[in-house]
Amino acid sequence: MGLSAATYEDVKPVRMLVAQGGKISRLCKLGWTAGDASLYVFPYALEGRFHFGRASIPSSSERATVPFNNQETSESMPKLSVHESGQVHIRAGSRMVGPMRIPRLGDLRGEHVATVTCSRFERLPPFDGEPQTTGSEIDLAIPAGDGVPSGRLAIFMNGREASFNDQVNITARFVRPTLDEPLYLGFSTLGQPTLNDGEDSDAVVVTAGWHPQATDLVEQMDYLFVVTKLNRPGFIGGSALWVRQRSSGRVLVDRPPRTRRAGRNRSARAVAGG
């Protein structure tokens with residue numbers, strides 16, 4: 001799963017798509033404004049069912065469980081905002097979760113700040129029409145090979161140069177009146193094995209808000225998440241996410257510990273890190 005290296009300037013809102021086996025599907029929309037360099041992430045869903053909230057991994061722990069039942073739910077699309085000031089929050093209608101604080105975006109030096117993950121590409125909502133390369137919004141189709149069932153889009157930022165803490169496929173350069181220097185965004189597209197055992201637990205997960213410059217597992221790792229369920233009609237599906245953290249300042253939403261299967265109400269599982 002990936003693109004040839006590409007650099008974009010004067011970036012417009014982008015609909016991120018996945019192209020696989022002659023089919024194009026919708027993953028998420030990335031938005032910006034002309035006023036500053038804030039990033040907005042809107043995940044797509046089949047039926048407009050969303051869970052969102054704030055969660056933590058305890059200090060010195062690598063893993064934790066996030067139950068959906070304790071989180072906000074919405075039928076309108078939540079917006080995850082990573083503001084130029086370093087404020088990160090989620091809004092859905094009049095409700096907000098957060099804010100959390102990370103360094104100002106201009107002070108970042110290539111760190112990983114957000115991830116969008118799909119547990120199974122074949123469950124994404126379809127994209128109708130032809131991808132657009134001009135206009136107020138453009139489309140970017142990420143090619144995925146036939147043998148790649150799942151993947152993630154990791155987002156990095158650098159307020160000084162186009163250098164990032166991981167290999168990236170796409171680079172965007174922002175010049176804004178609020179910035180002393182351009183802000184560079186790097187996007188890394190990574191394929192992976194499917195993260196679920198069945199379609200009743202598929203999801204798209206967006207995570208952000210952890211401290212991107214954390215270097216160890218001593219402190220509690222807090223983050224925000226949005227989950228869009230990709231279940232077939234009439235199915236509620238999974239009720240929790242399993243999360244872990246890495247010493248490189250990344251929160252991952254991962255596979256649960258292996259246990260005996262107990263019916264069809266299995267939990268959503270997705271990786272949300274690079």
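Please read all numbers here as calculations on a predicted model, not as lab measurements. These numbers come from the heavy atoms of this one structure, side chains and all, not from hydrogens, waters or symmetry mates.
- Checking each of Thr171, Val14, Leu30 against Phe187 for a side-chain contact (heavy atoms from CB on, under 4.5 Å) leaves exactly one that passes, namely Leu30.
- Closest non-hydrogen pair, Pro212 versus Pro103, comes out as CD-CD, 3.9 Å.
- Distance check: Leu17 CG to Lys23 NZ gives 12.5 Å after rounding to the nearest 0.5 Å.
- Taken from CG in Leu80 to CG in Leu39, the straight-line distance is 8.0 Å, to the nearest 0.5 Å.
- Between the side chain of Glu72 and the main chain of Gly53, no donor-acceptor pair closer than 3.5 Å is present.
- To the nearest 0.5 Å, atoms CE (Met96) and OG (Ser81) are separated by 9.5 Å.
- Under the 6.0 Å distance and 45° angle rule, Arg26 counts as a cation-pi partner of Tyr44.
- In this structure, Gln20 contributes its side chain and Val148 its backbone to a donor-acceptor pair below 3.5 Å.
- For the pair Val88/Ile102, a side-chain contact is recorded, criterion being any heavy-atom separation below 4.5 Å from C-beta on.
- Distance CG/Leu224 to CH2/Trp210: 10.0 Å, rounded to 0.5 Å.
- Under the side-chain contact (heavy atoms from CB on, under 4.5 Å) rule, Leu124 has a single partner from Cys28, Cys118, Ser119, which is Cys118.
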What's the verdict on side chain to side chain donor-acceptor pair (under 3.5 Å) for Ser56 and Asp222, showing C-alpha distance, side-chain angles and the deciding distance? CA-CA 4 Å; Ser56 302; Asp222 301 322; 2.4 Å; yes
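- For the pair Pro78 and Phe52, the tightest heavy-atom approach, listed with the atom from each and the gap, is CG-CD2, 4.1 Å.
- Contact record, Ala37 with Thr178: N-OG1, 4.5 Å, taken as the closest heavy-atom pair.
- Put simply, the side chain of Met16 does not reach to within 4.5 Å of the side chain of Val116, judged on heavy atoms.
- At distances below 3.5 Å, at least one donor-acceptor pair connects side-chain atoms of Asn169 with backbone N or O atoms of Thr189.
- With hydrogens and angles disregarded, a donor-acceptor distance shorter than 3.5 Å links the side chain of Gln132 to the backbone of Glu130.
- Between Arg104 and Ser85 the shortest side-chain heavy-atom distance falls below 4.5 Å.
- Heavy-atom contacts from other residues, nucleotides or ligands closer than 6.0 Å to CD of Glu75 number 12 or fewer.
- By the 4.5 Å heavy-atom criterion applied to side chains, Val82 and Leu105 are counted as neighbours.
- Side-chain contact between Pro149 and Phe121 is absent, with no heavy atoms from C-beta onward closer than 4.5 Å.
- Of the possible donor and acceptor atoms, one in the side chain of Glu111 sits under 3.5 Å from a partner among the backbone N and O of Arg109.
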Hey, mind stepping through Asp36 and Arg176 against salt bridge (Lys or Arg N to Asp or Glu O under 4.0 Å) and telling me if it holds? CA-CA 5 Å; Asp36 67 10; Arg176 294 291 189 268; 5.9 Å; no
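- The aromatic rings of Tyr40 and His83 stand perpendicular to each other, their planes meeting at an angle above 60°, with 30° marking the opposite boundary.
- Taking the ring axis of Phe42 as reference, the NZ or CZ atom of Lys79 does not stay both within 45° of it and closer than 6.0 Å to the ring centre.
- Phe127 and Ile142 sit in two unconnected hydrophobic clusters of ILVMFWY residues. Membership requires side-chain heavy atoms under 4.5 Å apart, directly or through other members.
- When side chains are defined from C-beta on, Gln87 counts as touching Arg101, because their heavy atoms get closer than 4.5 Å.
- The environment of CZ in Arg95 is crowded: more than 12 heavy-atom neighbours from other residues, nucleotides or ligands sit within 6.0 Å.
- A donor-acceptor distance shorter than 3.5 angstrom exists from the side chain of Ser38 to the backbone of Glu84, with no hydrogens or angles considered.
- Closest non-hydrogen pair, Val175 versus Arg173, comes out as CG2-NH1, 3.5 Å.
- Neither side chain, Ser188 nor Asp166, offers a donor N or O lying under 3.5 Å from an acceptor on the other.
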Before giving the answer on salt bridge (Lys or Arg N to Asp or Glu O under 4.0 Å), spell out for Lys29 and Glu137 the whole-Å C-alpha distance, their side-chain angles and the decisive distance to 0.1 Å. CA-CA 10 Å; Lys29 176 181 174 181; Glu137 296 183 359; 2.7 Å; yes
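- Between Met157 and Phe164 the shortest side-chain heavy-atom distance does not fall below 4.5 Å.
- Rounded to the nearest 0.5 Å, atoms CD1 (Ile24) and CG (Asp139) are 8.5 Å apart.
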Using the rule given for side-chain contact (heavy atoms from CB on, under 4.5 Å), can you reason through Val113 versus Leu108, listing the C-alpha separation, both sets of side-chain angles and the distance that settles it, and then say yes or no? CA-CA 9 Å; Val113 297; Leu108 294 173; 3.6 Å; yes
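- Separating the CG atom in Leu183 from the CH2 atom in Trp32 is a distance of 10.5 Å, to the nearest 0.5 Å.
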